[in-house]
Each structure stands twice: as structure tokens, then as C-alpha cells.
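One structure is given here, and the rest of the page talks about it.
Counting starts at 1 for both ligands and their atoms, following the listed order. Both backbone and side-chain heavy atoms feed into the values below; hydrogens, waters and symmetry mates do not.
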Amino acid sequence: MMRAKIVSTGSYLPEKTLTNRDLEQMVDTSDEWITQRTGIKVRHIASDGEATSDLAYKAALDALNNANVDSMDIDAIIVATVTPDKPLPATALFVQEKLGAKNAFGFDINAACSGFMYALSVADGYVRSNLAEKVLVIGAETLSRITDYKDRSTCVIFADGAACVLLEKTDEENKGILGIKLHSDGGYTDLMQVPAMGSLNPCTKQAIDNRDIYIKMKGNETFKMSIRSIMDVSREVLSDLDMDFEDVDLMIPHQANKRIIEGVAKRAKLPDEKVVITIDKHANTSAASIPLALDWANKNGKIKQGDTILLNSFGASLTWSAAVIRW
Ligand code: UT7
């Protein structure tokens with residue numbers, strides 16, 4: 001059976017960093033609180049003038065170089081992001097131009113922290129249906145641009161970064177993306193949002209004064225729904241494949257909070273060595289978080305040929321998803 005397979009990964013993190021100690025100087029917080037409640041130690045932050053497409057381009061270049069593939073051979077570029085360079089055009093087009101990927105078509109997807117998974121599902125469909133043979137699937141964010149550094153409940157969590165996978169067709173038996181499940185629920189859009197900057201509430205002076213141009217999050221309410229949703233969708237994708245958590249060699253979850261990841265791992269009975277946690281060094285990079293963790297695991301020898309990998313996500317507001325990949 002023809003499937004889509006991840007043939008390489010790439011990533012880019014901005015040079016500038018923001019530590020918990022730095023944040024102690026900015027808001028009423030502490031390294032101890034942030035570490036205990038989130039697991040985060042440091043975040044990468046884009047410099048002035050460094051756009052989401054710059055991060056995405058460097059991550060894509062890394063993935064292309066690692067696979068020894070020319071950008072002219074790419075058929076499609078999908079960028080998952082909630083922080084596009086501009087409302088128009090799509091960030092993917094800036095990435096296309098920077099890469100010189102003249103033969104590709106490109107567009108963006110917004111599904112918040114599940115964005116990479118949604119993009120992966122679209123790319124998987126393109127490859128399976130012969131619409132594209134080689135697809136760059138990128139998760140890229142400059143969340144620092146929409147983070148309120150006066151709001152301690154959000155500014156300690158979010159960060160910037162980008163990562164990319166190169167997807168190609170494979171006829172290898174039982175390799176590649178085996179299954180994906182996606183969910184959303186529009187009944188909870190108030191749990192996490194940027195109130196202004198869109199058609200409903202454009203960027204006015206009042207919106208800026210109210211700080212409505214930044215992410216507002218009901219963190220604790222979001223947290224309470226996360227573990228069960230991730231467990232449910234993970235069970236769903238696994239059972240469709242006649243699998244269980246016992247068949248999983250590695251879980252690579254969205255990195256929103258170390259306590260969420262540990263809660264899922266405990267319920268799934270997955271030992272520490274089967275769970276990838278990068279939140280300490282990457283923080284929450286929304287759509288970039290899963291591919292960043294995947295790239296980290298790949299480059300650090302955590303993934304073996306033939307491994308069954310479970311990816312799962314939960315994010316605003318609300319989206320959740322899971323995928324099973326055979327490496
Ligand atoms: O990316 C996908 C979508 N997002 C998520 O999945 C995020 C899920 N939520 C979370 O990760 C957690 O809810 C947070 C890390 C955001 C917050 O942790 P929490 O344990 O849920 O804290 P809380 O909001 O219930 O607040 C507990 C206390 C409050 O103080 P009082 O009212 O008990 O005196 C907060 O004001 O902690 C306080 N607090 C802080 N204290 C020090 C909130 N943020 C901070 C902070 N430093 N940065």
C-alpha cells in the first residue's frame with residue numbers, strides 16, 4: 001500500500017533566549033513556580049525583524065539538507081502557524097521564495113497547537129492521492145509577537161521556533177504514516193484567543209490599550225480538558241490500527257506543560273524512556289512544538305528504524321489530534 005513517509009526532519013531556534021531568571025525581572029514570578037508548574041527553563045525568542053518565515057525557511061533548509069533533496073524538487077509547502085508574517089499572503093509563500101522552491105505550491109494552516117498535525121494530515125492526503133510527491137510540512141511560530149510580557153499567566157509559557165518534516169511517497173510495507181485522527185470543538189473559543197487583530201475586532205488604539213492584541217488564556221480550564229482529550233484521541237487512532245499503548249515505542253506529544261505530558265504518560269503506562277519531553281528547552285511553541293520534539297528525538301538517536309511513534313496534541317480552542325507513524 002502506498003503511504004507518506006517522513007524522510008527527514010529539520011529545525012531552527014532563534015539565538016536569543018529568555019530564562020526563568022530573566023522573567024523574574026519582568027513579572028511577579030519565580031524560577032521555582034515556572035519549573036514546578038510547567039517544566040520550562042528557557043525559551044527561544046525571535047529578534048526584531050526576524051519573521052516566522054525566516055525561522056520556517058531555516059528549518060526547511062535543514063530538512064532538505066538532511067535528505068539531500070533540492071528545493072526545486074518540492075511539490076508543496078504547508079506552514080502551520082498562528083503567527084504568520086502578515087495576514088496576507090500566506091507565510092508558506094515567503095518560505096517558498098526564500099527556498100527557491102519554484103515548482104511548489106504553498107499555503108498556511110491555523111489549528112493552533114494541533115496545526116502541525118492538521119498540516120501533516122493534509123500532506124499525507126496529497127501524497128497518497130498523487131497530488132504531490134514531496135511535501136515540506138512546517139510548524140513555525142513567533143509567539144513572542146502576540147505574548148503579553150505583563151501577563152505572568154501566559155508570558156512564562158510561550159516561545160518561538162520552527163521545525164519541518166519532508167514527506168515522501170513510500171511503498172515500503174508498514175512504513176510511514178499509519179493513521180491520523182483530528183478533532184476540534186468550537187464551543188470553547190474563549191479559553192484561548194487573541195481578542196483583536198481580526199475582522200471582528202481590528203487593531204484599534206483601544207484594542208492596543210486593552211492589550212487585546214495579545215494571547216488571553218484560561219490556563220487552568222484548558223489544562224483540565226487536556227489529558228482526557230489526548231488520551232481519548234490517542235486510543236482512537238491506536239485502536240483503528242488494532243494497536244494499544246503497549247505497541248508504542250515512543251510518544252512525542254505537544255509540549256504545553258510537563259504535567260500534562262506526565263499525566264498522559266502515566267495513564268498510558270509509558271515509561272520515561274518512551275516519552276519525549278523538550279518543554280524545558282523549547283517551552284510551548286504551539287504548531288512548532290511537535291516537529292521540534294520529533295527533530296530533537298531524531299537527531300539525538302532516540303528513534304530507531306521500525307519504531308512505532310505516537311504523536312498527539314491539544315490546543316486552542318479547542319483542537320486535539322493523534323497520529324501513528326512507523327519510522
Ligand atoms: O498549548 C495548548 C494550550 N494551552 C495549554 O494546554 C495550557 C494549559 N494550562 C497550563 O499549562 C497551566 O494551567 C498554567 C501553567 C498556565 C497555569 O498553571 P496552573 O497550575 O493551572 O495555575 P493557575 O492558573 O491555577 O494559578 C494558580 C496560582 C494563581 O495564584 P492564586 O490565585 O492561587 O493566588 C495564579 O495567579 O498561580 C498563580 N500564577 C503564577 N504564579 C507565579 C499564575 N501564573 C504564575 C506565574 N508565576 N507565572
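Taking every heavy atom of M192 and a limit of under 4.0 angstrom, the matching atoms of ligand 1 come to 3 (C). Atoms of ligand 1 found under 4.0 Å from any heavy atom of C113 (numbered from 1 in listed order, with element): 1 (O), 2 (C). Those atoms of ligand 1 that come under 4.0 Å of a heavy atom in T38, given as number and element, are 15 (C). The atoms of ligand 1 that sit less than 4.0 Å from any heavy atom of F314 are 2 (C). Heavy-atom proximity to I260, at under 4.0 Å, picks out these atoms of ligand 1: 6 (O). Near G315, with a cut-off below 4.0 Å to any heavy atom, the atoms of ligand 1 are 2 (C).
Within the 3.5 Å criterion, the main-chain N or O of T285 finds no donor-acceptor partner in the side chain of Q255. For the pair D54 (side chain) and A51 (backbone), a donor-acceptor distance under 3.5 Å is present. At least one donor-acceptor pair closer than 3.5 Å links the side chain of T81 to the backbone N or O of A140.
Under the 4.5 Å side-chain heavy-atom criterion for Ile, Leu, Val, Met, Phe, Trp and Tyr, Y126 and I109 are members of the same hydrophobic cluster.
The six-membered or imidazole ring of F223 lies away from that of F314, with a centre-to-centre distance of 6.0 Å or more.
The option with the heavy atom closest to atom 20 (O) of ligand 1, from among K218, R37, Q255, K258, is R37. When S313, A256, C155 are ranked by how near their heavy atoms come to atom 6 (O) of ligand 1, first place goes to A256. Heavy-atom proximity to atom 10 (C) of ligand 1, evaluated over N257, V27, V156, is greatest for N257.
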- Task: Evaluate the criterion salt bridge (charged side-chain N to carboxylate O under 4.0 Å, His left out) for residue pair D280 and K41; output intermediate values, then yes/no.
- Result: CA-CA 5 Å; D280 52 331; K41 289 306 252 183; over 6 Å; no
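Scanning all protein heavy atoms for the shortest distance to atom 18 (O) of ligand 1 gives R259 NH2, 3.6 Å. Nearest protein heavy-atom contact of atom 16 (C) of ligand 1 is I157 CD1, 3.5 Å. At the shortest separation from atom 1 (O) of ligand 1 among protein heavy atoms lies N284 ND2, 2.7 Å. The protein heavy atom nearest to atom 17 (C) of ligand 1 is W33 CH2, 3.9 Å. The closest protein non-hydrogen atom to atom 21 (O) of ligand 1 is N220 ND2, 2.7 Å. For atom 9 (N) of ligand 1, the nearest non-hydrogen atom of the protein is G219 O, 3.0 Å. For atom 29 (C) of ligand 1, the closest non-hydrogen atom of the protein is R152 NH2, 4.6 Å. Distance from atom 4 (N) of ligand 1 to its nearest protein heavy atom, with residue and atom name: M217 SD, 3.7 Å.
Distances from atom 32 (O) of ligand 1 to the protein include no heavy-atom value under 4.0 Å. For atom 27 (C) of ligand 1, no protein non-hydrogen atom is found at a distance below 4.0 Å.
Screening K5, K134, K175 against E168 for a salt bridge (Lys or Arg N to Asp or Glu O under 4.0 Å) leaves a single residue, K134.
Taking the centre and axis of the six-membered ring of W320, the NZ or CZ atom of K181 falls outside the cone set by 45° and 6.0 Å.
Residue K86 places its NZ atom among 12 or fewer non-hydrogen atoms of other residues, nucleotides or ligands, all under 6.0 Å distant.
Ligand 1 has a nitrogen or oxygen under 3.5 angstrom from a nitrogen or oxygen of T29. In terms of polar-atom proximity, T222 is not counted as a contact of ligand 1, lacking any N or O under 3.5 Å from an N or O of the ligand.
Residues L191 and L318 are in side-chain contact: their nearest non-hydrogen atoms beyond the backbone lie under 4.5 Å apart.
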